[in-house]
Structure formats: C-alpha cells, structure tokens
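Shown next, in structure tokens, is the structure this report addresses.
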Amino acid sequence: MNPYFSFNNVSGFTRSGLLLTRAGGVRTPAFMPDGTRGAVKSLTPEQVQSTGVPVVLANTFHLHLEPGEDTVASLGGIHRFSNQSLPILTDSGGFQVFSLAKIRKISEEGVLFNNPANGDEAFLSPEISMQIQLKLGSDMMVAFDDVTALDDAGRARTQEAFERTHRWLARSLAEFARLTKSMQPDERPLLFGVVQGGLSKKLRADSLKRVQDLPVDGIAIGGLSVGESRKEMHDMLDFLAPLYEPNRPRFLLGVGDPRDLRHAIERGIDMLDCVLPTRNARHGTAWIKGDKVIHLTNAQFAKDPSPIDPGCDCTTCQSGYSRGFLRHQFKVSEPLAGTLTSIHNIRYLQRICEEYQK
RNA sequence: GUGUCCGUAGUUCAAUGGUAGAACGUCACCUUGUGGAGGUGAUCACGAGGGUUCGAUUCCCUUCGGACACC
C-alpha cells in the first residue's frame, strides 16, 4: 500500500489512479503543462485551470537563476508567487543544465555551468537541487540526474551518466530526508527518482530496479524524447511496462506528442509533462481530432470561419475564435494567438488523459 | 518647357556585354523534463518597344513612369 497513490487497472498495462499531494489530489493519467518560469507561457493560472489539467510544472533551473528561490520564498512560496493553486511539480534542473546551459564541468560533486542569460557561473548538485525545490515550495520534486542526449556523442556517455544518476539519487534522497524529517506525512512534498540508461535495455532494467529499491515516492523515466527515433522510444516503453512495481506513480519526463502520450499511458505511465502543446501553439500548430496537426499560419485558413477543432470543448473553440482570426493574429505576431492555441492544445492532451480515467 | 539622374523579387537594395544575388516579406516544413528561441526548404524581378552585337538587364534611340534642378 502506498498512502499517496491508489489506482485501478484499466486494461493491459493502462491504469487510472489518484495521487495525493499536499496541495491536493491528482487524477491520473495526468498530462502536466510546463510552467518553466512560474507560469505556463502566455497563460494566466485561471486559463491553465480551464483546461482541466491537475498539475503544473515549474522549473528549478530557471527559478533558481531568476528570481532565485529566496525571492520566491519571501513572496510566499511558489503557489502564492505564481498565484497557482494547482499542485506544482518541480523539475530538478538536471535536464536544463544539459539542454540549455554551457556546461563547464561535470564532476562527481555536481555540474558547473554558465547561466545562459548572462554568462554567470552557476553550480547545481543533488543537495542544492533538493534545497532549491523545497525552498520554492514544490509539491512534487524530482531527483537531480545526469542526462545525456541520444545522439552519437551522448550515447558514448550513457554508461557514465547512468552510474552517476544513481549515486546522485542516493544523495538526493538523503538530503530530501534531512530537509523533510520534521514534516508530517501529509505536509511533505513527494520525491521522484529518475531512471536513466539511454537505449540500453540492460541498463534501463538495472536502473529501474535500483530506483525502485529506494524509498522514493514515484518513478520518473528520464532520458527519452531527447533525439532518439519514435520507434526507439516506444520500444523502450514497451520493454519497461512489465518491469514496474505497481504501487508508485510513474512519470515519463518530457513526452507530449498525442501519439506518444497514448503509447506511454497504454504502457503503464501515469504522468507526463511536455512543452510541446504550448511551444507548438506559439508557433501556430494545433492538434485536432485524430491526433492530426494543423498549421494555423497556413494560407488556407485565412478565411476559415470554423474553430480550431469543431469537436473540441476548450474555451478557445467554445468561445468562437475562428481559424481565420487566429491565423491573422499569428501573422501579425499577436501573443493572443499563442495564448488561445495553448489553451486548445493543453486541453487536447487533457482530454486524451480523461479517456483513460476510470 | 529644358536639363540631369533613376526604373532589377511584394519591399529596400546589389552585381553583370554571356539570361541576376542579399535582406526583409510571402509560402511550406521541423520542434518532446521551454530560449516567446532556433533551424530547413521553396516561391518571386531586369517598366515597354526598337537598334548595335554571335549574344543586351548592362551600350544607343524612342516611349512610359518617378526624383531633383532650372525656367
């Protein structure tokens, strides 16, 4: 039994559950939009909530660099700071160090890198990441991992990153325990450990076992959707599906294409986050019925009076915004276009999740 | 009315006696633990007519259009 997570088996590996966090319950499967800097780009908290998503992400890396966790804490913590009452999950910063920053040096202690905004030297480690996330006021935290790309250079480092991720997980867990030891069970945040191992089934199975052997609250699958093919990612999800122990939620990091979302949920994944619905929205691409994509900037929509997706119940489609209007707003670079399309895309993924909730 | 200069892509500009490039725009595509970022590909032009020449966007003439100066 897990006091924080209960679930029903739906069919095959698919399951539908309820995760209890100190900020409220989370129905799963759950898609969680990324609110990197404390806000889902271009959306108010109310607009985010209108999509029905149960959790919003925030980012350790970004909030640490600007405005800093002390500032967030002094403004009442992440919920009050961002005016968001939904449960908030913070990423560890591990992925951003790898994807955004110029890494100066990866050592056993941590990662030395340059702040991409101003070049300042900065340093993150498992302990520091835990401290930042707790200080931000996160409801669900992620252990600081060592991520590699799945291009040729990255694959050469898979084994090393795998080893280090587990050593860092032990340190994350120890620091987390130290920081939360005086908290009651219902007032402490939850901690997810990260599985790595690239595209090696042997390493993945080993990594999963090591993470599951530790008293983490949830299992995060990292290091996918980082440059490998769709088939490679799906094969790995297929491989992992029968290997999870049942009682903890499984969080697939960084996946948000509708096809991948379905594939993952049908392989036992409970939670996912991704920038795709919002980033794509800001660039004019929207999902419509059948997991198809339309480019709202296309000339063919200039005089199209229909909503993005006639069958959609999102506030954008229901309010009567036409494809023609949205195309115009995109062409003249009005942020409103990205806002309205983000609401639609997030709702699209949420509806997929709801299909599986029993 | 006279003189000078100028007409090249949708726009602003290049280059050249051997059929023309850029930027921006336009059109299409890519984006998976967010850089409101970035990238890829494509489309589009020598104002019109005549002459010289093997060959003219380039030189000459006419014409149309524009700018400036003079009157």
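Just so it is clear: chains get the letters A, B, ... in the order the sequence lines come, proteins before strands, and each one is counted from 1. Note that the coordinates shown come from a computational prediction; the quantities given were computed from them, not determined experimentally.
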If you measure from the [atom1] atom in [N] to the same atom in [M], how many Å do you get, rounded?
N: B:rA14; M: B:rA28; atom1: C1'; value: 28 Å
N: B:rA56; M: B:rG51; atom1: C1'; value: 11 Å
N: B:rU63; M: B:rC68; atom1: P; value: 22 Å
N: B:rC64; M: B:rG49; atom1: P; value: 15 Å

- Item | Pair A:F61 + A:F98: ring centers closer than 6.0 Å | no
Contact class for [X] vs. all strands (heavy atom < 4.0 Å): base, sugar-phosphate, or nothing?
X: A:Q196; value: base
X: A:T297; value: sugar-phosphate
X: A:D273; value: sugar-phosphate
X: A:G93; value: nothing

If you check every side-chain atom of [X], which of [options] has the closest atom?
X: A:R37; options: B:rG36, B:rU31, B:rU32; value: B:rG36
X: A:D257; options: B:rC27, B:rG33, B:rU32; value: B:rU32
X: A:R279; options: B:rU31, B:rG36, B:rC27; value: B:rU31
X: A:N59; options: B:rG33, B:rG36, B:rU32; value: B:rG33

What's the [atom1]-[atom2] distance between [X] and [N], to the nearest Å?
X: A:L276; N: B:rG33; atom1: CG; atom2: C1'; result: 13 Å
X: A:L272; N: B:rG33; atom1: CG; atom2: P; result: 11 Å
X: A:L89; N: B:rG33; atom1: CG; atom2: P; result: 14 Å
X: A:L237; N: B:rU32; atom1: CG; atom2: C1'; result: 12 Å
X: A:F98; N: B:rU32; atom1: CZ; atom2: P; result: 10 Å
X: A:R282; N: B:rA37; atom1: CZ; atom2: P; result: 8 Å

- Task: Return yes if a side-chain donor-acceptor contact under 3.5 Å exists between A:S85 and A:H79, otherwise no.
- Result: no
- Message: Is it true that A:H263 and A:D238 share a donor-acceptor pair across their side chains at a distance under 3.5 Å?
- Response: yes
- Identify which one of A:L276, A:D309, A:T341 satisfies the side-chain contact (heavy atoms from CB on, under 4.5 Å) criterion when paired with A:W287. A:L276
Would one find a side-chain N or O of [X] under 4.0 angstrom from OP1 or OP2 of [N]?
X: A:H283; N: B:rG36; result: no
X: A:N298; N: B:rC29; result: yes
X: A:R327; N: B:rU26; result: no

- How do A:V40 and A:V293 order along RNA chain B: which one's closest nucleotide is nearer the 5' end? A:V293
- Task: Could you go through the side chain to side chain donor-acceptor pair (under 3.5 Å) check for A:D145 and A:Q196 one step at a time?
- Result: CA-CA 8 Å; A:D145 58 339; A:Q196 288 290 349; 2.8 Å; yes
- Query: Looking at residues 116-145 of chain A, who's got a heavy atom less than 4.0 Å off RNA chain B?
  - Reply: A:V142, A:D145
- Using the ring of A:F113 (Phe, Tyr or Trp, six-membered ring only), decide whether A:R104 places NZ or CZ under 6.0 Å from its centre and within 45 degrees of its axis. no
- Task: Please evaluate the base of B:rU32 for a donor-acceptor partner in the side chain of A:R230 within a cut-off of under 3.5 Å?
- Result: yes
- Query: Can a donor-acceptor pair under 3.5 Å be found between the side-chain atoms of A:D260 and the base atoms of B:rU32?
  - Reply: yes
- Message: Heavy-atom count check: over 12 atoms from other residues, nucleotides or ligands less than 6.0 Å from A:Y321 OH?
- Response: no
- Task: Flag yes if more than 12 heavy atoms outside A:R80 fall under 6.0 Å of its CZ atom; otherwise flag no.
- Result: no
- Would you call A:E354-A:R347 a salt bridge at under 4.0 Å N-O? yes
